[in-house]
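Each remark here refers to the structure printed beneath this line.
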Number of protein chains: 2
Amino acid sequence: MSDAKFELYYWPGIPGRGEFVRLVLEEAGADWVDVGLLPEAQGGGAKAITAMISKGSVPAYAPPVLKVGDVVFSQAPNICSYLGERFGLVPADEASRLHARQFQLTVADAVAEAHDTHHPLAVMKYYDEQKDAAKQRAEDFRTQRIPKFLGYFERVLKANTQGGGKYLLGRDFSYPELALYQLVEGLLYAFPNAMRRVAPEVPGVMALRQRIAERPRIAAYKKSPRAQPFNPHGIFRHYPELDDPNATK
Amino acid sequence: MSDAKFELYYWPGIPGRGEFVRLVLEEAGADWVDVGLLPEAQGGGAKAITAMISKGSVPAYAPPVLKVGDVVFSQAPNICSYLGERFGLVPADEASRLHARQFQLTVADAVAEAHDTHHPLAVMKYYDEQKDAAKQRAEDFRTQRIPKFLGYFERVLKANTQGGGKYLLGRDFSYPELALYQLVEGLLYAFPNAMRRVAPEVPGVMALRQRIAERPRIAAYKKSPRAQPFNPHGIFRHYPELDDPNATK
């Protein structure tokens with residue numbers, strides 16, 4: 001299918017959960033290919049994703065799926081931790097690795113809740129069929145959950161005096177910060193009004209997001225055609241009726 | 001606080017997400033203590049959990065938290081994988097470990113959705129305040145999601161010809177099967193009618209659940225006072241109005 005060492009299988013057209021993997025691959029400078037973005041004639045497109053999910057002795061429940069040589073495995077936090085550890089994007093001691101996985105999984109929990117704001121009743125039904133419930137769920141998410149999740153990472157940064165509150169694990173950058181960055185980007189896209197209110201409460205998180213955005217490989221990736229913008233088909237969706245009401249500031 | 005090698009910090013009174021960790025500790029025959037079940041005078045109870053979450057240089061977002069010597073970390077799938085690998089409850093090769101983590105995370109996704117059936121709109125509000133939405137979410141969960149999640153594990157068992165469809169990874173038991181067992185137990189408790197309909201579609205999963213229940217250490221644990229029964233305060237709740245309507249069979 002390709003000569004790349006790492007093959008990512010994820011739906012083309014959305015950042016989605018695949019983006020968390022893409023960011024680690026890019027930061028690692030890995031030799032990788034986004035199979036979903038290849039033309040079907042080259043074995044790419046959505047068809048390749050569908051085929052890969054059900055293939056092999058260990059099928060995946062859902063993409064993203066990573067293929068490394070003969071090994072095919074899934075679950076975004078699992079893939080990110082594997083790559084982060086393999087490429088040295090986390091200190092080598094056991095405690096750092098366990099804490100990095102903890103952070104990655106906590107971001108994943110927040111991402112799942114962000115998805116549920118527009119699909120609170122049924123994943124497979126249209127947003128329009130669950131709009132009223134979505135408004136209630138989104139209000140709870142904006143007022144309770146975003147401050148709780150981002151507030152948690154703010155506390156981690158503050159508790160961590162070793163690194164002057166710059167990184168989650170202390171002095172060194174680690175891969176779950178790519179996930180936290182993507183979470184904040186998604187929240188800024190989906191809930192811009194709510195984030196104007198929350199951001200001043202979590203200055204450490206917002207500064208970390210900025211530092212990640214400025215990392216040369218991340219900045220180059222985001223400007224490249226490989227990076228797919230947020231849109232109303234992904235996890236993070238901007239429906240104005242689900243955001244805070246517009247405030248004159 | 002205790003002389004045990006592994007200290008689990010989780011809310012007393014419910015199986016909850018802590019149960020996934022407890023099952024691995026029990027199957028491993030680990031020297032462990034359930035701090036939440038100790039009397040407050042011995043440093044236990046809910047107070048100890050609250051204190052542990054916010055403690056140290058790396059706070060936890062939520063329990064379960066595991067303390068091993070000086071290392072304190074959280075996120076149930078992370079803890080289960082750590083223990084499963086440390087105690088040899090998964091083959092040592094990298095592919096097996098990655099697939100075990102994949103299974104553990106997929107069970108965790110199903111567990112989060114089971115929770116959302118009774119809290120589709122707001123985690124911190126009462127069930128009674130979101131009962132109508134809960135009915136819709138539960139119907140989707142029962143008719144679409146349970147068959148999809150359990151059907152996935154059924155496919156894994158079938159794809160895995162090496163072990164005759166007995167275990168997820170082939171010939172050998174592995175720790176995510178404890179999680180799958182607990183998921184099925186929870187679904188049987190919460191949605192008995194729906195499970196009467198789904199179970200015949202996933203005979204491999206139901207047989208695996210039975211094999212896990214019969215493992216000596218799991219059977220002994222479940223009979224012990226350490227095991228806390230399901231109840232209407234946990235993740236899996238039996239509200240008859242959220243289950244399939246009663247059928248005469």
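Chain identifiers are assigned alphabetically (A, B, ...) following the order of the sequence lines, protein sequences preceding nucleic acid strands; residue numbering begins at 1 within each chain.
Applying the salt bridge (Lys or Arg N to Asp or Glu O under 4.0 Å) definition to pairs two or more places apart or across chains, none involves residues 152-172 of chain A.
Interface residues of residues 71-87 of chain B toward chain A, defined by a heavy-atom distance below 4.5 Å and sorted by number: B:V71, B:V72, B:F73, B:S74, B:Q75, B:P77, B:N78, B:Y82. Inspection of non-hydrogen atoms places A:R137, A:D140 of residues 137-144 of chain A under 4.5 Å from chain B. Within residues 100-112 of chain A, the residues having any heavy atom under 4.5 Å from a heavy atom of chain B are, by residue number, A:R101, A:Q102, A:F103, A:L105, A:T106, A:D109.
For B:Q130, no part lies under 4.5 angstrom from a heavy atom of chain A. Interface remark: B:K148 contributes backbone and side-chain atoms alike to the contact with chain A (heavy atom separation under 4.5 Å). Contact annotation for B:D116: only side-chain heavy atoms (C-beta onward) come within less than 4.5 Å of a heavy atom of chain A.
For the set A:L168, A:N160, A:V123, the entry with the most heavy-atom pairs within less than 4.5 Å of chain B is A:V123. For the set B:T117, B:V156, B:D70, the count of heavy-atom pairs under 4.5 angstrom toward chain A peaks at B:V156.
Classification of the A:F149-B:Y61 ring pair by plane angle, with boundaries at 30° and 60°, yields parallel.
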